[in-house]
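To start, the structure under review is shown below, and the notes come after it.
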Amino acid sequence: MLILGMIGWESRVFGQDMPESVAVCPPGEPAEEMAIAEANSSRIMTVEEVAVAADSIISNYDADWTDLSMQGKLTFDGLPMSVSVKVYMKRGESIILSARAPIFGEVARVEANQDSITFINKHTRCYSVQPLGGFGVDRKAYLTDLQDILLGQVAFPGNGRLTQDNATLSQWIALPTGESLLYPSAALQTAGAEYGFVLDSAMWQLRSFVLMLQKTGVVLETKYQYGEKGWTLGLEISLPKKKMQGEVQLTYPDYDCSPLEFTKLGDKYKKVDFKQLMKF
């Protein structure tokens, strides 16, 4: 079982069984310092606390939508400058992020459908494709749940949004940081991956989603900050020998929007690995 124990956003422990309580100790502290950490240890939340938390999260869900768009600015490792972005989603069918730079126009795209996610470097005319299916779940449901997560909602990939019923199938841990860790049970995990959520224990808004791909050891983390006029989605990708990160500052969703279409790659684009793709 995967435990995501977090102080801020950094401390993670993999491959242990879930204890009755979780002592959180900063990385690198000597063993004798654990006694200090015990005073601020995490604890398993009660059934009553979980029910209240689930009610609060469910009440914050967006209404059902068909498609939406958001505008903003993107900064990411490998990009030579901050770029403007448009994000378009068609529920259960597509996620498209288009990045544009002054003078150069559109420089990059990320396009996801029910089968795969495609990263496109329009400056170098290269692209890289990663499979999105293969987790043993309904592909449309899987993509729909990923869309919900990107929008800051709690959803279990392939198994739908959080409900009172599936809330009881998960482990909830109150952290000394004023946040709560939600670790889905094995029945809600997907083959080949493990994931968990961190939520604000006061407002019950999603603060972080962490996904680990077991085969490659790649860890993906999204982080959320909310404002009055918009919000910020942070992204961190931890590869075996490299870490990349960036963020998108976005407006809140517009549900009356114009669609984006997938790129027609054809012979004009060359398929490469992800490392080569990031060379601008």
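As a basis for the values below, the full set of heavy atoms in this structure was taken, side chains included, without hydrogen atoms, waters or symmetry mates.
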I'd like to know if the side chain of [X] reaches the main chain of [Y], judged simply by a donor and an acceptor atom lying under 3.5 Å from each other, with no hydrogens or angles considered.
X	Y	value
Tyr88	Ser94	no
Gln114	Gly92	yes
Ser84	Arg100	yes
Trp172	Ala167	yes
Tyr61	Val154	yes
Gln189	Pro184	yes
Tyr252	Gly230	yes
Ser208	Val198	no
Ser180	Ser201	no
Asn113	Ser116	yes

Taking a hydrophobic cluster as the set of Ile, Leu, Val, Met, Phe, Trp and Tyr residues connected by side-chain heavy atoms closer than 4.5 Å, whether directly or through intermediates, do [X] and [Y] fall within one such cluster?
X	Y	answer
Val52	Met45	no
Leu143	Val129	no
Leu182	Met203	no
Phe262	Val107	no
Phe209	Leu213	yes

**Asked** Does a side chain donor of either Thr232 or Glu247 reach within less than 3.5 Å of an acceptor in the other side chain?
**Response** no
**Prompt:** Can you find a side-chain donor-acceptor pair between Arg161 and Gln153 that sits under 3.5 Å?
**Reply:** yes
Atom pair [atom1]/[atom2] of [X] and [Y] - distance to nearest 0.5 Å:
X	Y	atom1	atom2	result
Tyr127	Lys122	OH	NZ	13.5 Å
Phe156	Thr163	CZ	OG1	7.5 Å
Asp55	Trp204	CG	CH2	11.5 Å
Ile237	Asp77	CD1	CG	9.0 Å
Ile57	Leu162	CD1	CG	5.0 Å
Met244	Glu236	CE	CD	10.5 Å

**Prompt:** What orientation do Tyr226 and Trp231 show, parallel under 30°, tilted 30 to 60°, or perpendicular over 60°?
**Reply:**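 Rings of Tyr226 and Trp231: parallel, as their planes differ by under 30°.
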Looking at every non-hydrogen atom in both residues, tell me the closest pair between [X] and [Y] and how far apart they are.
X	Y	result
Leu188	Tyr195	O-OH, 2.6 Å
Ser42	Ile173	CB-CG2, 3.6 Å
Pro157	Leu146	CG-CD2, 4.3 Å
Leu199	Arg207	C-CG, 4.0 Å
Leu260	Ile96	O-CD1, 3.4 Å
Trp65	Lys90	CZ3-C, 4.2 Å

**Request:** Apply side chain to side chain contact (heavy atoms under 4.5 Å, CB included) to the pair Thr222 and Tyr224, showing each step before the final yes or no.
**Result:** CA-CA 7 Å; Thr222 53; Tyr224 306 81; 3.0 Å; yes
**Message:** As a quick check of understanding, evaluate side chain to side chain contact (heavy atoms under 4.5 Å, CB included) for Tyr183 and Val210, giving each step before the final call.
**Reply:** CA-CA 10 Å; Tyr183 178 73; Val210 182; over 6 Å; no
Determine whether [X] and [Y] make a side-chain contact, defined as any pair of heavy atoms from C-beta on separated by less than 4.5 Å.
X	Y	answer
Val83	Val85	yes
Asp165	Leu169	no
Ile120	Leu265	yes
Thr251	Lys229	no
Leu151	Leu68	yes

**Item:** Salt bridge present between Arg125 and Asp267 (N-O < 4.0 angstrom)
**Value:**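 No, Arg125 and Asp267 are not salt-bridged.
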**Message:** For the CZ atom on Phe104, are there more than 12 heavy atoms of other groups (residues, nucleotides or ligands in this structure) within a distance under 6.0 Å?
**Reply:**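 No, not enclosed.
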**Request:** Verify the neighbour count for atom CD of Gln164: are there more than 12 heavy atoms of other residues, nucleotides or ligands below 6.0 Å?
**Result:**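 Result for CD/Gln164: enclosed.
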**Prompt:** Run the side chain to side chain contact (heavy atoms under 4.5 Å, CB included) check on Leu235 and Val248 step by step: do they pass?
**Reply:** CA-CA 8 Å; Leu235 177 64; Val248 191; over 6 Å; no
**Asked** Between Asp148 and Arg91, is a side chain to side chain contact (heavy atoms under 4.5 Å, CB included) present by the stated rule, with each step listed?
**Response** CA-CA 9 Å; Asp148 282 336; Arg91 191 159 180 81; 3.2 Å; yes
